[in-house]
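Below is one structure, written out as structure tokens; comments come after it.
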Amino acid sequence: MAQLTPFALKDAPALIEAVFPAQKVSFEAQKERKANLGQTLTGLGSYWKGRKPLILVRSVVLGSLLPQTNDTEKDLEIFEMLMAFDNESLAKRALIQNAIKPKDIAEKVSLHNPWDYFAHNVKVDSTRFSEVDSLIFPLSPDELGLKLRWRRDIEEKDKISLLALYLDTIEGYEEKSLLCKRPEEVDQAWLTQHVWAKVNSHYKDLGIEANSHQELVEQLGILRYGHKPRVADTFSGGGSIPFEAARLGCDVYASDLNPIALMLTWGALNIIGASPERKAEIESKQKEVAKAVDDEITALGIEHDEHGNRAKAYLYCLETKCPETGWLVPMSPTWVISKQKNTIARLIPNYEVKRFDIEVVSNVSASEMKQANEGTVREGALVYELDGKTYRTPIKTLRGDYKDSDGTNKNRLRKWEKEDFAPRGDDIFQERLYAIHWITKSSLDQSRQETFFTGVSQEDIQREQKVNQLVSDNIVKWQHEGLVPDMAIESGYNTDQPIRERGWTHWHHLFNARHLLMYALYFKNNTPEDYIFNAKSLDWNSRIANWMIHWEKTNNVFYNQALNTFYNYGTRCFTSHEAGRSFGFANSPISDIDIQLKNHEADKVDVVNDIYVTDPPYADAVHYHEITEYFIAWLRKNPPAPFDEWTWDSRRALAIKGAGDNFRKGMVNAYKAMANHMPDNGMQCVMFTHQDTGVWSDMVGIFWAAGLQVVGAWYIATETSTELKKGGYVQGTVILMLRKRPAGENSGFKQRLLPAVRAEVKNQIETMMHLNDEVKDKMGEPIFNDSDLQMAGYAAALKVLTSYTHIGGEDVTTFALRPRTKGEVTVVDEIVQQAAEAANSLLVPEGLSADTWQKLSGIQRFYLRMMDIETTGAGKLDNYQNFAKAFRVEDYTRVMGSMAANKAQLKRIPEFESRDLTESNEIGSTWLGQLIIGLQQLLAEAEPQTVISHLQEELPEFMEVRPVLIDMLKFIESKAPVQTTRDVAEVLGARLRNMRALGN
């Protein structure tokens, strides 16, 4: 290691306080999210939806350690190289992705010696050879009949150089990155090989000599803290923060109240982060476990038919007695079983037993598929046809729903008992096996298995009865041994659902006999790895795992964060269950670091950590303290070391829940404990989902009272159409950077604070805009977009605000903790809004005068600002959401043409309807609204003078606002996406200018 001076960077500002490549991090974060099960940590289980993207965590940790120098532009360049965002790294990532073909390069890149790199399909003796041999790029290979390929003897470095040249021809980072692997998918030593000479040169005055991220991180830690940096997360959740910090070479401290969160964090560090040798050991052990379970199931003969075919899945449905006819009716929202095989279930009346037989048929016609798609559960009712008559009974009626005298919702469903695992004969809802998915005997050992569906034979029923008897004989014993849960379901927001809708009272009721038997066999093995993989499989195999007709398999239970009950479901048998259980997990070895995992509340941290990166449960719709009991019920009795050191209970009462006064108190205690357990030059990063200024006010109040000062804020668009919210929605994450507030008292009054806030916001944004201009001149694209500048404006305001200990004579801790009254506007609310207005007043769209901008209302600013942004090709809905809030627009959707998450856009001027432009609507009562009406009239071939007369009638202050109208028309002329709109804007603008020239 280099000779370093410990604490040489002790008081140096972190790079993330000044610059941060937020746009590039946003795109890479979304790309990581869209990988779904291809994300690094989802191999341990995808049921914890709140994991923050690893690329975001990496950027925060590096940005918190890297120092600012006197060359901000170079600082950012080095930062992006370390993140693998630079062009050479992109070229390497593109090489691995192999999406750029020689043909693409030929069409875009200038080359005088292409045959040094490529081979072609023209033979040496061809009369065209000399002609081809002299070709230079760019050209169109297709037009010349050339088929290009890379030369076999081309060196890797030359290939990378050509790919870099090709990427240079593409505008915008997003378009380039789409052609590349994610940074984490590429060997890091090779990917960053070109980086270290430039990094070491940039920081040579500090004595930095690094050849890996781990070496750089350790050296930066020594320079800042005197030792390798320790990163802590006291809300560790799914473990992405401690895992990524560990991959970078930091020591880590991770704690969580929830043992499932800690188990996933342990798995990230010890399974995904295992050495290749340890990974091989884990895989070998899991194969032994699988073989043992397979041998027992095979010996029992419960998954094979008489021909040697093996069951892959069993399909079950509920069945209930119709109160009108007395018939037992199978219940399912669809009787389609497989779209791939055109397989359906047909209901055939059996008059002798007043029940429907179920026939399974494959290769049916499209019309039969359409008919079968209409099941017997429709719009909350049991619906079926018998002898030409349709019967309909609401599910609520079947259950006997009613309100008790105290207003509690109740019904007539029998509450299942501890030993139950199936309905009893007199229960309202029965359960029935109706189809089986088989693997042919001949393809059992093949990678591509042949499968088919059948109905249920008498032999199948006998096998089913055998499974039920085995479970009945053993369930009490298994529960005592901890192989099957015996834990009751505690009432709660999510957990009331299975109780209310099925009468299930214990967690094992969510699993049928086949589930219980197979899990009991698996749970005989209880290493930490077994625990993690068994928990993962619990998410894919239960009564609340619905059958997916497109994919011929069960969905995962927590595809959203609820305990949904279904009228039909699938049960994975051994082969399909094991296929998704333990194999295929990623491997990203972690270097030798110190790891501490603790099971406690966030405010019980008792170890000093240098950097805290946390994702607290603010405004969180996910009740992890409830739904993780689904797993805890199975895992709590026999936990192996080190899991046996944790409390296997969700401890609902202690969990910080994301709303209200108690939440604020809990959060203040947590962040005060963290602030008390970090050095004076320590750093905190807090991530939270961006909602509105009310979120900012609460969060800032919390950090304020905890003795922390905001020093930076960035907005990251982390995912689209998330698991938590569907539809046209982009979830963004705000990252707030905080330090300890300097010791001593600092008092101020609101009247003096506001000018200081405005000055700080102005200084921050103008500095960033200047850097934007410099970088754009050199690299073609700016570093910061408008959202970044807006966030920076908030951060600048909050930096001023949180430096105070008293506002107007009131202690900030007292202020932060006192209960809020509905509709109350606090000093923080006012200052945040002032910051937004100060920032927005500076963000004048290109082509519009600052004087015009100052005179416009919020909806007009919104429309023109977004029109300007759309010219860059941006179409992310979060931009529109954020600016609507910033400009205080009441309902921005009225001016939106599309609300798609990644293809949002404004209504084009011809698309506005008359009802959109009435005085009762926000846009209709504005100058811009009147201009839109005028432009529509011109598009309909009205005379310009008629339009001007209309404007004079509608705008009493017409002469005063005419310069504003002219300026807006000039802007529309340059920005409108439709040429005809530009043309009429030019005409109207010219006529308005001529009025002035004529003295009218």
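Computed from a prediction, not measured in an experiment: that's the story for all the values here. Throughout, numbering of the chain's residues begins at 1 and tracks the sequence.
Every ring pair (Phe, Tyr, Trp, His ring centres under 6.0 Å) that F585 has, sequence neighbours left out, goes to F533. Scanning for ring pair (Phe, Tyr, Trp, His ring centres under 6.0 Å) contacts around Y522 gives H577, with sequence neighbours left out. With sequence neighbours excluded, the residues satisfying side-chain hydrogen bond (donor to acceptor under 3.5 Å, both in side chains) with S367 are S365.
Aromatic pair F511/Y630: ring centres closer than 6.0 Å. Between Y117 and W150, the distance from one ring center to the other does not fall under 6.0 angstrom. A distance of 6.0 Å or more separates the ring centres of W266 and Y531. Centroid-to-centroid, the aromatic rings of W478 and Y519 stay 6.0 Å apart or farther.
In W551, the CH2 atom is not crowded: 12 or fewer heavy atoms of neighbouring residues, nucleotides or ligands sit closer than 6.0 Å. Heavy atoms of other residues, nucleotides or ligands lying less than 6.0 angstrom from CD of Q371 number 12 at most. Around the CG atom of D445, the shell of radius 6.0 Å holds no more than 12 heavy atoms that belong to other residues, nucleotides or ligands. A 6.0 Å sphere centred on NZ of K553 holds no more than 12 heavy atoms belonging to other residues, nucleotides or ligands.
The backbone N or O of I272 lies less than 3.5 Å from no partner atom in the side chain of S588, so there is not a single donor-acceptor pair. N373 places no side-chain N or O within 3.5 Å of a backbone atom of T334 that could act as its donor or acceptor partner. In terms of modelled atom types and a separation under 3.5 Å, the side chain of N541 and the main chain of T571 share no donor-acceptor contact. Under a 3.5 Å cut-off, the side chain of E32 and the backbone N or O of I55 do form a donor-acceptor pair. Distance alone, capped at 3.5 Å, places no donor-acceptor pair between the E529 side chain and the I271 backbone.
In terms of heavy-atom proximity, A254 sits nearest to T265 at CB-CG2, 4.0 Å. Residues K176 and C180 share a closest heavy-atom pair of O-SG, 3.3 Å. Closest of all the heavy-atom pairs between Q449 and L444 is NE2-O, 3.1 Å. Of all the heavy atoms in N587 and P276, the pair that sits closest is OD1-CA, 3.8 Å. S443 approaches E450 most closely through the heavy-atom pair OG-N, 2.9 Å. Minimum interatomic distance between V364 and E368 (heavy atoms only, all atoms of both residues): CB-OE1, 3.3 Å.
In summary, the side chains of D530 and T527 do present a donor paired with an acceptor at a separation below 3.5 Å, with no hydrogens or angles considered. With hydrogens and angles left out, the side-chain atoms of H304 and T298 include no donor and acceptor closer than 3.5 Å. With hydrogens and angles left out, the side-chain atoms of Y559 and N546 include no donor and acceptor closer than 3.5 Å. Using modelled atom types, one finds a donor on one side chain and an acceptor on the other under 3.5 Å when comparing R572 with T554.
Side-chain contact check for W507 versus W634: every heavy-atom pair is 4.5 Å or farther apart. When side chains are defined from C-beta on, R247 does not count as touching Q188, because their heavy atoms never get closer than 4.5 Å. Side-chain atoms of L148 and I105, non-hydrogen and from C-beta on, never get closer than 4.5 Å to each other. Between L521 and K524 the shortest side-chain heavy-atom distance falls below 4.5 Å. When side chains are defined from C-beta on, Y624 counts as touching W48, because their heavy atoms get closer than 4.5 Å. In this structure the side chain of R514 reaches within 4.5 angstrom of the side chain of R463, judged on heavy atoms.
A parallel orientation is assigned to the rings of F452 and W438, their planes being inclined by less than 30° (bins at 30° and 60°).
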Practice item. Let me see the working for E481 and K637 under salt bridge (Lys or Arg N to Asp or Glu O under 4.0 Å), right down to the final yes or no. Key: CA-CA 8 Å; E481 294 172 351; K637 282 200 173 180; over 6 Å; no
Practice item. Would you sort out whether T565 and R543 count as a side-chain hydrogen bond (donor to acceptor under 3.5 Å, both in side chains), showing the intermediate values? Key: CA-CA 8 Å; T565 58; R543 275 189 168 108; over 6 Å; no
Review point. Which is it for Q469 and D473 under the side-chain hydrogen bond (donor to acceptor under 3.5 Å, both in side chains) test, yes or no, and what are the steps along the way?
Key: CA-CA 6 Å; Q469 191 61 52; D473 292 345; 2.9 Å; yes
Practice item. Would you sort out whether N568 and Y434 count as a side-chain hydrogen bond (donor to acceptor under 3.5 Å, both in side chains), showing the intermediate values? Key: CA-CA 10 Å; N568 70 320; Y434 71 94; 3.2 Å; yes
Practice item. Please test E552 against K312 for salt bridge (Lys or Arg N to Asp or Glu O under 4.0 Å), starting from the C-alpha separation and ending with a verdict. Key: CA-CA 10 Å; E552 297 184 352; K312 187 175 184 181; 5.9 Å; no
Exercise for review: Any chance you could lay out the side-chain hydrogen bond (donor to acceptor under 3.5 Å, both in side chains) test for S457 and E459, step after step, and finish with the verdict?
Suggested key: CA-CA 5 Å; S457 69; E459 291 77 13; 3.3 Å; yes
Review point. Where do L517 and L300 land on the side chain to side chain contact (heavy atoms under 4.5 Å, CB included) test, with the steps shown first?
Key: CA-CA 11 Å; L517 173 57; L300 289 170; 4.2 Å; yes
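Using a 4.0 Å cut-off between charged side-chain N and carboxylate O, R151 and D158 make no salt bridge. In this structure, K287 does not pair ionically with E283, as no charged nitrogen and carboxylate oxygen lie closer than 4.0 Å.
Atom OG1 of T451 and atom CD1 of I436 lie 13.5 Å apart (nearest 0.5 Å). Separation of atoms OH (Y569) and CG (N555) is listed at 16.0 Å; rounding is to 0.5 Å.
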